[in-house]
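Accompanying notes for the structure given below.
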Amino acid sequence: MSTEIWLTLVSIAVGTYLIRVVPYVWMQRKQARSHNEGMMADTPDWLTVMGPAMIAAMFGTSLVPAHPTPLAWIASAVGIIATLLVWRKTRSMGVPTFVGVLVFGLVEVVFR
Amino acid sequence: MNISEATPPGSAWKQGLKDALPLLGAYIPIAISFGLISIQSGFGVLETILISVFIYAGASQFLFVAMVASGSPLWLVVIMTLLINARHVLYAPNITAYLGTDKRWIPLMHCLTDQIFALSLTILPKLAPQDRMAWYTSAALLAWFSWIAGTAIGAIAGDELTQRWPLINDVLPFALPALFLVLVAPRCTNLVWTAALACAAVLALVVKLLGYPNVAIPLAAIAGALVFHAMKPRLPSDDAQPTEAKP
């Protein structure tokens, strides 16, 4: 890799880290100021909605299969239903995820 | 999991590893693909691994190797990859209330990916404050190391692996939507939250299918938040806040 490409890599790495860390430092200072002024340090209302909304959006984008064939869509639908059913029963994270992947894989393998 | 008091020593570390385990199903196959594509684009094995160590952001890594390989201007490569990662700006402020003032959180922010954010927003409020750093560190480091290991495997033997076990690439990444689903489902506690989150999920899927994967998440999240605020007057005041407890 040339020096220019290394510098590009370092710029992206530093930029990505700053995108992750600067908002943390900003929010921490905002909360410290609120605390010093004797106010409740609370997360802004719009942020508390954006967090879950971003997770829901990630769920939506991750649903699109790498190879979006009809079989992959059907397997995704069956896998999601299986995940949801097991989650309703267990209210946990690991088991429903495992069962979802298993069911998705079974549909992919059996009907391929 | 419902931890309200401090857990025995080591337990939060184990819980972090356990909670992050489903991520491996998605991280490793995607990282193997990245390693393979990076080598095919002309990068060396060590260079490929270092990209995963330092950038650690899936979509922008793929874009980085593709743009560099195609001879794009390097300033444009920097701008485009950072634009893709711009959505991460919202992650830390959402969880800062659970983190406290310990300076060690600053380097740990390197590992705040989409998936670690989603896990943290769900799990951290349930943990005792003194357990949060141990939980986050173990979950985040497991995810990061699995990404680096997957990249190394892909760079060294990705071609052979994907030929021998083609299903690895097709099946294991389903861990991601399954995990996101179990993170979203507990928040659907009433009609308003359900409508807002369903709107965000469906819109993100549609926008990605239309060929705009990089704007899908922020755009759909904003739409979901707007739906929430439009329907909020229907909520009893106790339900207007997210479901998790405050730290």
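Keep in mind that the numbers below use all heavy atoms, side chains included, and drop hydrogens, waters and symmetry copies. So that the names make sense, note that chain A is the first sequence line, chain B the second, and so on, each numbered from 1. Quantities reported herein were computed from a predicted structural model and do not represent experimental measurements.
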Return yes when atom CE of B:Met231 has more than 12 non-hydrogen atoms of other residues, nucleotides or ligands closer than 6.0 Å, and no otherwise.
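Atom CE in B:Met231 is packed in, count exceeds 12.
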
For A:Phe98, does the CZ atom have more than 12 heavy-atom neighbours from other residues, nucleotides or ligands under 6.0 Å away?
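Check fails, neighbour count at 12 or below.
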
Nearest 0.5 Å, what's the [atom1]-[atom2] distance between [X] and [Y]?
{"X": "B:Phe64", "Y": "A:Ile5", "atom1": "CZ", "atom2": "CD1", "answer": "6.5 Å"}
{"X": "A:Met27", "Y": "B:Asn94", "atom1": "CE", "atom2": "CG", "answer": "8.0 Å"}
{"X": "A:Phe59", "Y": "B:Leu179", "atom1": "CZ", "atom2": "CG", "answer": "11.0 Å"}
{"X": "B:Asn85", "Y": "A:Thr16", "atom1": "CG", "atom2": "OG1", "answer": "4.0 Å"}
{"X": "B:Leu99", "Y": "A:Tyr24", "atom1": "CG", "atom2": "OH", "answer": "5.5 Å"}
{"X": "B:Leu74", "Y": "A:Leu9", "atom1": "CG", "atom2": "CG", "answer": "11.0 Å"}

Closest-packed option against chain A by number of heavy-atom pairs under 4.5 Å, given [options]:
{"options": "B:Thr96, B:Leu50, B:Val184", "value": "B:Thr96"}
{"options": "B:Ala178, B:Pro177, B:Ala92", "value": "B:Pro177"}
{"options": "B:Leu176, B:Val78, B:Val68", "value": "B:Val78"}

Would a 4.5 Å heavy-atom cut-off, applied to side chains only, mark [X] and [Y] as touching?
{"X": "A:Val10", "Y": "B:Phe54", "result": "no"}
{"X": "A:Thr61", "Y": "B:Pro213", "result": "no"}
{"X": "A:Pro65", "Y": "B:Phe174", "result": "no"}

Quick one: which of [options] has the most heavy-atom pairs under 4.5 Å with chain B, could you say?
{"options": "A:Met58, A:Gln28, A:Met93", "value": "A:Met58"}
{"options": "A:Val22, A:Ile55, A:Val99", "value": "A:Ile55"}
{"options": "A:Leu63, A:Val109, A:Leu18", "value": "A:Leu63"}

Give the intermediate values and the outcome of side-chain contact (heavy atoms from CB on, under 4.5 Å) for residues A:Ile12 and B:Val77.
CA-CA 9 Å; A:Ile12 296 168; B:Val77 178; 4.1 Å; yes

Those residues of residues 215-226 of chain B, ordered by number, that approach chain A below 4.5 Å (heavy atom to heavy atom):
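Within residues 215-226 of chain B, the residues under 4.5 Å from chain A are B:Ala216, B:Ile217, B:Ala220, B:Ala221, B:Ile222, B:Ala225.
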
With chain A as the partner chain, list the residues of residues 101-111 of chain B whose heavy atoms fall under 4.5 Å from it, by residue number, and write 'none' if nothing qualifies.
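Answer by number: B:Thr101, B:Asp102, B:Trp105, B:Ile106, B:Pro107, B:Met109, B:His110.
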
Test of understanding: with salt bridge (Lys or Arg N to Asp or Glu O under 4.0 Å), list the residues that count as partners of B:Glu47, not counting sequence neighbours.
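With sequence neighbours excluded, B:Glu47 shows a salt bridge (Lys or Arg N to Asp or Glu O under 4.0 Å) to no residue whatsoever.
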
Minimum heavy-atom distance A:Ser62-B:Phe180, with the two atoms named:
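Taking A:Ser62 first and B:Phe180 second, the nearest heavy atoms are OG-CD1, 3.6 Å.
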
Under a 4.5 Å heavy-atom cut-off, does chain A meet the side chain of [X], its backbone, both or neither?
{"X": "B:Thr113", "value": "both"}
{"X": "B:Leu90", "value": "both"}
{"X": "B:Leu119", "value": "side chain"}
{"X": "B:Ala185", "value": "both"}

Checking an interface table here. Which of residues 79-86 of chain A come within a heavy-atom distance under 4.5 Å of chain B?
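Within residues 79-86 of chain A, the residues under 4.5 Å from chain B are A:Gly79, A:Ile80, A:Thr83, A:Leu84.
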
Contacting region of A:Arg112 [heavy-atom separation from chain B under 4.5 Å]:
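The side chain, not the backbone.
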
